[in-house]
Trainee: 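My structure is below; once you've seen it, I'll send some questions.
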Amino acid sequence: MRILVVGTGGVGSAFAQIAKRRTFFEHCALADYDSARPAQVVSELDDRRFSAHAIDASSKDAVVALIRETRADAVLNSVDPLFNVPVFDACFEAGVTYLDMAMTLSEPHATNPFEEVGIKLGDYQFERAQAWEEKGLLALVGIGIEPGAADVFARYAADELFSEIDEIGIRDGANLVVEGYDFAPTFSIWTTIEECLNPPVIWEAERGWFTTAPFSEPEVFDFPEGIGPVECVNVEHEEVLLVPRWIECKRVTFKYGLGDEFIEVLKTLNKLGLDSKESIRVKGVDIAPRAVVAAALPDPATLGDRMTGKTCAGTLVTGLGKDGAPRKTYLYHVADNETTMREYGSQAVVWQTAINPVIALELLASGAWKGVGVLGPEAFPPQPFLDKLAEYGAPHGVLEL
């Protein structure tokens, strides 16, 4: 297998560090708009299977050209989802496998944004599923940690643990602390603003997809492995759009442990218009306010040395077990920043995201996972993925509640 990674920020760099230890691929090209980024990563890897390239991910033609230049069989989209459409379309035109960790962007309902969906996450991709299927190509969407491993957990629970599912609720929380900063997001602030300030989506069997207000329905969830209780709120996320397509259940939600301070910062950015993706002209220069915010904050990939604590991503499933008795099970994955920094030189949040596409690509290379069309992680058998997590030294956990 020959791989092209478009985007060599925190997740793309962590992907390379993890993939270096595996033997399933022949070559991996790392590309970024800032050519110094992949060059530095390749230098640090000291592995002839990796190469560095410059790319403009906003140009479909540029992505197609690099796919052909590197002779890639599969492309991992590791840039901000703003660029999903050109990368996705380039893979279709070039006839290669596509993977991403966040789907094409949503747009709120024009007149009733906190009750009705507008354009949903991934709509652009799923509208083209038939064309991908007819061409015999695979687009594996949402294969990070959330979405990604969380969806695999849902599939496993449905297949092996439950006879009937009332709710599949993704719950994400952490006790990470970044020393020396008053405010320092541990993941892309561009993506964080997008998913936290958009109307959250909920799915119910009787209603379909609908929306609510940002940060709604707060609940305290007690996360495992010493993280403890964290207040979680509704956030827009891909799992709610993916899970109901393949798994029979009555309700799907996603709640994120943001914390009061983080929520207040996001609300302030929104009030000031600094969350906008639309460019404004400032002293003769066109720039999006959100890009200014992202540039003013520290790069999450560089925070590992200042971070302590753990991050947990998991899937809370309630319903009836295989024996017909009520069951409530949390399937989860925890990453400890001390461990990921020591073993891979990557901070916990980006490392926990990056390990999943490495595993997915290995499963596709071996034939353990196969398919055509636009598919989410739920469309594949979960056990091979869970086995690989353990083999990589990062097993998942199961907590009965």
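Worth saying up front: this structure is predicted, and the values here are computed from it rather than measured.
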Trainee: Using modelled atom types only, decide if a donor and an acceptor are shared between the side chain of Asp32 and the backbone of Pro38 within a distance under 3.5 Å.
Mentor: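 Checking the backbone N and O of Pro38 against the side chain of Asp32, no donor-acceptor pair under 3.5 Å is found.
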Trainee: Could Arg171 and Glu219 be called an ion pair, given the rule that one side-chain N must be under 4.0 Å from one carboxylate O?
Mentor: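 Counted as a salt bridge, because a side-chain N and a carboxylate O are separated by less than 4.0 Å.
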Trainee: For a quick test of reading the model, state the closest non-hydrogen atom pair linking Trp203 to Ala205 and the distance between them.
Mentor: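 Looking at all heavy atoms of both residues, the closest pair is CH2-CA, 3.5 Å.
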Trainee: Once you round to the nearest 0.5 Å, how far does CG of Asp260 lie from CZ of Phe215?
Mentor: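 It comes to 11.0 Å.
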Trainee: Against Val141, only a single residue in Asn77, Val374, Leu241, Leu99 fulfils side chain to side chain contact (heavy atoms under 4.5 Å, CB included); can you say which?
Mentor: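 It is Val374, the one option of Asn77, Val374, Leu241, Leu99 that forms the side chain to side chain contact (heavy atoms under 4.5 Å, CB included) with Val141.
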Trainee: Does the Lys NZ or Arg CZ of Arg128 fall within the cation-pi geometry relative to Phe92 - under 6.0 Å from the ring centre and within 45° of the axis?
Mentor: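 Relative to the ring axis of Phe92, which defines the angle, Arg128 lies outside at least one limit.
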Trainee: Between the side chain of Thr353 and the main-chain N/O of Val349, is any donor-acceptor distance below 3.5 Å?
Mentor: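 Pair found, side chain donor or acceptor close to backbone of Val349.
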Trainee: Going by the rule side chain to side chain contact (heavy atoms under 4.5 Å, CB included), which residues pair with Ser163 if we only count those two or more places apart in sequence or in a different chain?
Mentor: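 Ser163 satisfies side chain to side chain contact (heavy atoms under 4.5 Å, CB included) with Leu320 once adjacent residues are dropped.
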Trainee: Under the salt bridge (Lys or Arg N to Asp or Glu O under 4.0 Å) rule, what do Glu194 and Lys277 come out as? Steps first, then yes or no, please.
Mentor: CA-CA 9 Å; Glu194 183 72 17; Lys277 296 175 286 188; 3.3 Å; yes
Trainee: Within a 6.0 Å radius of atom CD on Glu115, are there more than 12 heavy atoms belonging to other residues, nucleotides or ligands?
Mentor: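 Open: at most 12 neighbouring heavy atoms sit under 6.0 Å from CD of Glu115.
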Trainee: Tell me whether the NZ or CZ atom of Arg22 lies within the 45° cone about the ring axis of Phe24 and under 6.0 Å from its centre.
Mentor: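 No cation-pi geometry.
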Trainee: Below 4.5 Å, heavy atoms only, C-beta onward: do Pro200 and Thr212 meet side chain to side chain?
Mentor: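 With C-beta onward as the side chain, the pair touches.
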Trainee: Given side-chain hydrogen bond (donor to acceptor under 3.5 Å, both in side chains), test Tyr256 with Glu236 step by step and report yes or no.
Mentor: CA-CA 9 Å; Tyr256 191 12; Glu236 181 192 49; over 6 Å; no
Trainee: What I want to check is whether the side chains of Glu167 and Thr253 have a donor and an acceptor closer together than 3.5 Å.
Mentor: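 Judged by distance alone, the side chains do pair up.
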Trainee: Does Val350 offer a backbone N or O that forms a donor-acceptor pair with the side chain of Gln347 under 3.5 Å?
Mentor: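 Flag set: sc Gln347 to bb Val350 pair under 3.5 Å.
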Trainee: Under the criterion side-chain hydrogen bond (donor to acceptor under 3.5 Å, both in side chains), I'd like the reasoning laid out for Gln17 against Ser346: C-alpha separation, chi angles, the key distance, then a yes or no.
Mentor: CA-CA 8 Å; Gln17 294 289 350; Ser346 299; over 6 Å; no
Trainee: Run the salt bridge (Lys or Arg N to Asp or Glu O under 4.0 Å) test against Glu26 and tell me which residues pass, sequence neighbours left out.
Mentor: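 If we apply the salt bridge (Lys or Arg N to Asp or Glu O under 4.0 Å) test to Glu26, skipping adjacent residues, the hits are Arg2.
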Trainee: Look at the side chain of Lys255 and the backbone N and O of Glu217, then say whether any donor-acceptor pair between them is shorter than 3.5 Å.
Mentor: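 Indeed, once roles are kept as given, a pair shorter than 3.5 Å links the two residues.
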Trainee: For the side chain of Thr70 and the backbone of Ala29, is there at least one donor-acceptor N/O pair under 3.5 Å apart?
Mentor: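 Pair absent, no side-chain N/O of Thr70 close to backbone of Ala29.
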Trainee: Looking at CG of Asp336 and CG of Leu176, how far apart are the two atoms once the value is rounded to the nearest 0.5 Å?
Mentor: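 The CG atom of Asp336 sits 9.0 Å away from the CG atom of Leu176.
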Trainee: Side chains of Ser216 and Asn234: any donor to acceptor distance under 3.5 Å?
Mentor: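 Ser216 and Asn234 do have a side-chain donor-acceptor pair below 3.5 Å.
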Trainee: Taking all atoms of both residues into account, what is the closest heavy-atom pair of Arg306 and Gly180, and its distance?
Mentor: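 Between these two residues, the closest heavy atoms are NH1-CA, 3.8 Å.
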Trainee: Quick one: sort the Trp351 and Tyr344 rings into parallel, tilted or perpendicular, breaks at 30° and 60°.
Mentor: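 Ring orientation, 0 to 90° scale: tilted.
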Trainee: Do Tyr392 and Asp387 meet the criterion of a side-chain donor-acceptor pair at a distance under 3.5 Å?
Mentor: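 There is no such pair between these side chains.
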Trainee: Mind listing the closest non-hydrogen atom pair of Val87 and Ala57 along with its distance?
Mentor: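 Nearest heavy atoms, Val87 then Ala57: CG2-O, 4.0 Å.
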Trainee: Under 4.0 Å between a side-chain nitrogen and a carboxylate oxygen: does that hold for Glu378 and Arg245?
Mentor: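 No, Glu378 and Arg245 are not salt-bridged.
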Trainee: Using a strict 4.0 Å threshold on nitrogen-to-oxygen distance, state whether Asp151 and Arg155 make a salt bridge.
Mentor: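 No.
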Trainee: As a quick check of understanding, evaluate side-chain hydrogen bond (donor to acceptor under 3.5 Å, both in side chains) for Gln383 and Asp159, giving each step before the final call.
Mentor: CA-CA 10 Å; Gln383 195 61 57; Asp159 290 352; over 6 Å; no
Trainee: Is a donor on one side and an acceptor on the other found under 3.5 Å between the side chain of Arg68 and the backbone of Ala94?
Mentor: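 Not confirmed, Arg68 side chain does not pair with Ala94 backbone.
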Trainee: Any side-chain to backbone donor/acceptor pair from His333 onto Ala149? Under 3.5 Å, distance only.
Mentor: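 Here the side-chain-to-backbone pair does not exist.
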Trainee: Are the side chains of Thr308 and Glu179 in touch, meaning some heavy atoms are under 4.5 Å apart?
Mentor: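 No - every pair of side-chain heavy atoms lies 4.5 Å or more apart.
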Trainee: Between Asp275 and Leu266 (side chain of the first, backbone of the second, donor and acceptor by atom type, cut-off under 3.5 Å), is there such a pair?
Mentor: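 Here the side-chain-to-backbone pair does not exist.
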Trainee: Under 4.0 Å between a Lys/Arg side-chain N and an Asp/Glu carboxylate O for Asp299 and Arg37?
Mentor: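 Here Asp299 pairs with Arg37 in a salt bridge, since their nearest N and O are under 4.0 Å apart.
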Trainee: Got a salt bridge between Glu206 and Lys250, using NZ or NE/NH1/NH2 to carboxylate O under 4.0 Å?
Mentor: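 No, no charged N to carboxylate O under 4.0 Å.
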Trainee: Is there a donor in the side chain of Ser188 and an acceptor in the side chain of Asp80, or the other way round, less than 3.5 Å apart?
Mentor: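 Indeed, the side chains of Ser188 and Asp80 share at least one donor-acceptor pair under 3.5 Å.
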Trainee: Which pair of non-hydrogen atoms, one from Ala158 and one from Ile247, has the smallest distance, and what is that distance?
Mentor: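 For Ala158 versus Ile247, the nearest heavy atoms are CB-CG2, 3.8 Å.
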Trainee: Can a side-chain donor-acceptor contact be found between Glu146 and His237 if the only test is distance below 3.5 angstrom?
Mentor: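 Note: His237 and Glu146 side chains miss the donor-acceptor criterion.
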Trainee: Any heavy-atom pair between the side chains of Pro244 and Val252 that's under 4.5 Å?
Mentor: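 When only atoms from C-beta onward are counted, Pro244 and Val252 do touch, with a gap below 4.5 Å.
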Trainee: Relative to each other, are the rings of Tyr98 and Phe88 parallel, tilted or perpendicular (30° and 60° limits)?
Mentor: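 Aromatic pair Tyr98/Phe88 classed perpendicular.
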Trainee: Going by atom types only, do Ser58 and Asp56 share a side-chain donor-acceptor pair under 3.5 Å?
Mentor: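 Ser58 vs Asp56: donor-acceptor pair found between side chains.
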Trainee: Taking 4.0 angstrom as the limit, do Arg281 and Asp286 come out as a salt bridge?
Mentor: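 A salt bridge is present here (some side-chain N lies under 4.0 Å from a carboxylate O).
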Trainee: For the rings on Phe183 and Phe262, is their centre-to-centre separation under 6.0 Å?
Mentor: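 Yes; Phe262 has its ring centre under 6.0 Å from that of Phe183.
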Trainee: Can a donor-acceptor pair be found, under 3.5 Å and without considering hydrogens, that links the side chain of Gln125 to the backbone of Thr104?
Mentor: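 Side chain of Gln125 to backbone of Thr104: a pair is present.
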Trainee: Nearest 0.5 angstrom please: Asp172 CG to Ile145 CD1, how far?
Mentor: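 Between atom CG of Asp172 and atom CD1 of Ile145 there are 8.5 Å.
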Trainee: CD1 of Ile3 to SG of Cys28: how many Å apart, nearest 0.5 Å?
Mentor: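 Nearest 0.5 Å value for the CD1-SG distance: 5.0 Å.
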Trainee: Do side-chain atoms of Asp123 reach the backbone of Lys120 as a donor and acceptor pair under 3.5 angstrom?
Mentor: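 Pair found, side chain donor or acceptor close to backbone of Lys120.
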Trainee: Does Glu225, at its CD atom, have more than 12 non-hydrogen atoms belonging to other residues, nucleotides or ligands within less than 6.0 Å?
Mentor: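 Buried by this count: over 12 neighbours within 6.0 Å.
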Trainee: Testing the basics here: between Ala31 and Leu4, what is the closest heavy-atom pair and its distance to 0.1 Å?
Mentor: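 It is CB-CD1, 4.1 Å.
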Trainee: Apply the test side-chain hydrogen bond (donor to acceptor under 3.5 Å, both in side chains) to residues Asp166 and Thr318: give CA-CA distance (whole Å), side-chain angles for both, the deciding distance (0.1 Å), then the verdict.
Mentor: CA-CA 6 Å; Asp166 292 327; Thr318 57; 4.9 Å; no
Trainee: Going by atom types alone, do His27 and Ser51 pair a side-chain donor with an acceptor below 3.5 Å?
Mentor: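 Yes, Ser51 and His27 have a side-chain donor paired with an acceptor closer than 3.5 Å.
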Trainee: Identify the two heavy atoms, one from Gly304 and one from Asn337, that lie closest to each other, and give their separation to 0.1 Å.
Mentor: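 Shortest heavy-atom separation between Gly304 and Asn337 comes out as O-ND2, 3.1 Å.
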Trainee: Please work out which of the three classes, parallel, tilted or perpendicular, describes the rings of Tyr330 and Tyr332, given edges at 30° and 60°.
Mentor: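 It falls in the parallel class, under 30°.
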Trainee: Enter the distance from His396:NE2 to Leu389:CG here, rounded to the nearest 0.5 Å.
Mentor: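 So the NE2 of His396 and the CG of Leu389 are separated by 8.0 Å.
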Trainee: Are Glu160 and Lys322 ion-paired here, with the side-chain N under 4.0 Å from a carboxylate O?
Mentor: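 Answer for the salt bridge query: no.
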Trainee: More than 12 non-hydrogen atoms from neighbouring residues, nucleotides or ligands closer than 6.0 Å to CD on Glu343, yes or no?
Mentor: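 Yes, because the 6.0 Å sphere around CD of Glu343 holds more than 12 heavy atoms from other groups.
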